[in-house]
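Each remark here refers to the structure printed beneath this line.
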Amino acid sequence: MSPPTDLEQVVDAEVKEWHFHIYFHQNNAEEHHAALELRDAVLRLRRDGAFVAVPLFRVNTAPMGPHPVGSYEIWVPSTSFASVFSYLCQHRGDLRDHEIRNAWLGPSFPLDLSRLPVLADELPLQYPSLKLGYSAAEPDYTLEDRRRIGANVERILRGEKEAARAPSN
């Protein structure tokens, strides 16, 4: 079957919510600590309006369901997917482009990393004429807009028992 191309059908079928699973070896105190630090950082950034992301209050300290090691879940609406994915890719540990900061649709495929150039200090701009991404003139939201959004999300989530609370500091 061919992929759909009808605009209404594609828009109606768009995924509206995502979730990330953060894994750690539950018997490795350093990994467990790093996973919890990442969770707290996500909660603080949600509170401050960087994005909307809701880690569940529960952290699985042993395999649970289909998850083979310790884990927790972070729920994300599609409107925050890129921001949260970007943050997690950059801050989930010792990362290098293409080698660890990646995601696959379907099974992974080995990469020949020897063919990549050495990392540059500056990002090369792609399609700067579109004035999107790194070429955008200004951000979609000011920092004050983000703080206001974050405070509102925190206020709303106070009534959700499954949502983890942002640290007060």
Side-chain angles (χ1 to χ4, degrees), residues 10-26 28-61 64-67 69-98 100-105 119 121-128 130-169:
V10 169
V11 170
D12 286 346
E14 184 177 288
V15 176
K16 306 287 190 280
E17 300 177 356
W18 298 86
H19 63 266
F20 298 96
H21 289 277
I22 306 301
Y23 288 151
F24 57 91
H25 291 98
Q26 64 274 7
N28 181 321
E30 189 175 309
E31 280 188 24
H32 190 181
H33 178 74
L36 294 178
E37 279 190 326
L38 179 62
R39 182 175 182 267
D40 281 351
V42 167
L43 287 164
R44 283 184 182 94
L45 288 165
R46 178 190 74 200
R47 176 197 65 205
D48 295 343
F51 41 64
V52 176
V54 184
L56 295 184
F57 75 93
R58 181 182 61 248
V59 175
N60 301 319
T61 57
M64 178 168 283
H67 308 291
V69 293
S71 66
Y72 59 87
E73 178 183 315
I74 301 173
W75 174 91
V76 178
S78 61
T79 52
S80 288
F81 179 87
S83 296
V84 175
F85 182 72
S86 175
Y87 182 80
L88 292 176
C89 284
Q90 293 177 63
H91 301 287
R92 66 179 178 159
D94 184 21
L95 303 176
R96 291 181 56 202
D97 198 21
H98 290 91
I100 298 174
R101 189 175 74 199
N102 59 40
W104 296 95
L105 298 176
L119 292 176
D121 289 335
E122 289 189 32
L123 291 171
L125 297 179
Q126 292 183 282
Y127 314 110
L130 292 174
K131 301 199 183 320
L132 298 170
Y134 290 111
S135 301
E138 55 190 60
D140 293 337
Y141 298 104
T142 66
L143 290 178
E144 191 52 42
D145 290 338
R146 288 177 179 273
R147 287 184 186 101
R148 191 170 40 257
I149 292 166
N152 190 44
V153 168
E154 290 304 306
R155 183 185 55 75
I156 292 168
L157 287 177
R158 275 190 222 129
E160 296 288 342
K161 67 177 185 168
E162 292 287 316
R165 304 294 178 259
S168 58
N169 60 351

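Along the sequence shown, the residues carry numbers beginning at 1.
Annotation: the span from E144 atom CD to I149 atom CD1 amounts to 10.5 Å, rounded to 0.5 Å. A distance of 11.5 Å separates CZ in F24 from CG in L38, rounded to the nearest 0.5 Å.
With sequence neighbours left out, the side-chain contact (heavy atoms from CB on, under 4.5 Å) criterion links R155 to N152, R158. Applying the ring-ring contact (aromatic ring centres under 6.0 Å, His included) rule to F57 yields no partners; only residues at least two apart in sequence or on another chain are considered. By the side-chain contact (heavy atoms from CB on, under 4.5 Å) test, R58 is found to be paired with L56, N60, M64, E162, residues two or more places apart in sequence or in another chain being considered. Take H25 and apply the ring-ring contact (aromatic ring centres under 6.0 Å, His included) test, not counting sequence neighbours, and it matches no residue.
Using bins of under 30°, 30° to 60° and over 60° for the plane-to-plane angle, the ring pair F81/F85 lands in the parallel bin.
Applying the side chain to side chain donor-acceptor pair (under 3.5 Å) rule to pairs touching residues 72-85 yields E17-W75, sequence neighbours excluded. Residue pairs meeting the side chain to side chain donor-acceptor pair (under 3.5 Å) criterion with at least one partner in residues 37-52, sequence neighbours excluded, are H33-E37, R44-N169, R46-E154.
Taking each heavy atom of E30 and N28 in turn, the nearest pair found is N-OD1, 3.0 Å. For P77 against V52, the heavy-atom pair with the smallest separation is CD-O, 3.4 Å. Taking all atoms of both residues into account, the shortest heavy-atom contact from R165 to L43 is O-CD1, 3.3 Å. Contact between V84 and F20 at its shortest, heavy atoms only, is CG1-CE1, 3.6 Å.
Using a distance-only test at 3.5 Å, with no hydrogens or angles considered, no donor-acceptor pair links the side chain of R147 to the main chain of G49.
Residue-environment remark: NZ (K16) exceeds the threshold of 12 foreign heavy atoms within 6.0 Å.
Side-chain contact between V54 and V153 is absent, with no heavy-atom pair separated by less than 4.5 Å.
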